[in-house]
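Model, not experiment: these values are computed from the prediction. Computed over heavy atoms, backbone and side chain alike; hydrogens, waters and symmetry mates excluded.
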Amino acid sequence: MQTPPHLPPSVRVLQLATASWMAAAVSAVAELGVADALSDGPRPVDEIAGAVGAHGPTLYRLLRAAADIGLVEERAEEVFALTEVGEALRSDSPASMRNFARWVGLPADRNTWAGLADSVRTGEPAFERVHGQDVWDFMRERADVSGVFDDAMSEASRNLIAPVVGAFDFGGIGTLVDVAGGHGALLAAVLAANPDVRGVLYDQPDVVAGAGSAFKDSGTDSRVEVVGGDFFDSVPPGADAYLLSNVIHDWDDAHSLTILRNCREALAEGGRVLLVEAVMPDRSEPSPTVTLMDLNMLVLCGGRQRTRAEFADLFERAGLKLTRIVRAGLHSVVEAVRA
């Protein structure tokens, strides 16, 4: 990223270093539900404060900052309305990212990032040092936090679904297993677009217990089976393809190899493993979104975003062979077959 020529380096560093302040403001607007309070149009600050349970004069300070970063606009003195960007913080927006914005403002995420330098020193995730237990145990014991996290991941998934379904040809797959597929939003979209494909949603029993609505809403519930289990032990056998969306980036190579080997073992003859991942570009291709995602995986769980070469190496060690990478927006579908 080039430094804007009109800004002294010290000012640019100041902007970058205080970007977390802007993120905190976005998270606060999301947590308070300001966008929902403005869903019917412009309102005075006192009315918004009453609707969201905030201190009026202090809320005005937040809204001034939110206006400067493009979430709202001040139409008249102390009267605010949503911008197009702010609309994406409404709970009922099809493009809602409200829960993602809430998640990154929670101490579970924000305090973890404070340990980034230590993670770089040690190569270990920061989460356990900061919170006293690893991220998975923490989530199991904190339903209030894991609920926001699950909703945040569902919102993020919605943004990758259309590009993936549009870019990759799932035709010709008889049975597709969505491994660690959560509540099945991606699988439901794939099944809806490919009426000859049958699906299996596979995740932890407590996760898939909440699945079902995505398949009913898409009219695909007659073509899907929901199965609970642990991908470190096994995956449902005999499918033509195994789909893992933003799963492998959660894990180091050792854990990733266990998951991939289980998928390889389960594959039907001629089957494929399909990873939906944001592929780390080569050094000659700057991609600040993906490189920051990579650091996020480091501090949270010790995972990583991988390059094409790293995927090829990982597949080879798992007895698989990389065949192609199909770009689908920010993410790609990384395809492998038995070696």
Side-chain heavy-atom pair [X], [Y] within 4.5 angstrom cut-off:
X: Val200; Y: Val179; result: no
X: Ile248; Y: Arg306; result: yes
X: Val334; Y: Leu322; result: yes

State the CZ-CZ distance between Arg261 and Arg317, to the nearest 0.5 angstrom.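 Nearest 0.5 Å value for the CZ-CZ distance: 8.0 Å.
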
Rounded to the nearest 0.5 Å, what's the gap from CZ on Phe168 to OG on Ser332? Could you check?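 It comes to 11.5 Å.
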
Ring centre gap for Phe231 and Tyr202 strictly below 6.0 Å: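 They do not qualify: ring centres at least 6.0 Å apart.
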
With under 30° as parallel and over 60° as perpendicular, where do the rings of Trp251 and Trp136 fit, or are they tilted in between?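 Ring orientation of Trp251 relative to Trp136: parallel.
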
Trp113 versus Asn296, side-chain donor and acceptor atoms under 3.5 Å: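 Judged by distance alone, the side chains do pair up.
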
Please check if any side-chain donor atom of Ser287 sits under 3.5 Å from a side-chain acceptor atom of Thr289, or the reverse.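 No, no side-chain donor-acceptor pair sits under 3.5 Å.
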
Would you mind checking if Glu31 and Arg98 are paired as a salt bridge, meaning a charged N to carboxylate O distance below 4.0 Å?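 Here Arg98 does not pair with Glu31 in a salt bridge, since their nearest N and O are not under 4.0 Å apart.
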
Determine, stepwise, if the pair Ser234 / Asn262 fulfils side chain to side chain donor-acceptor pair (under 3.5 Å). CA-CA 6 Å; Ser234 64; Asn262 285 339; over 6 Å; no

Is there a path of hydrophobic side-chain contacts, each under 4.5 Å between heavy atoms of I/L/V/M/F/W/Y residues, joining Trp103 to Val135?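 The answer is yes; both residues are in one hydrophobic cluster.
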
If the condition is salt bridge (Lys or Arg N to Asp or Glu O under 4.0 Å), which residues does Asp118 pass it with, not counting sequence neighbours?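 Asp118 satisfies salt bridge (Lys or Arg N to Asp or Glu O under 4.0 Å) with Arg121 only.
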
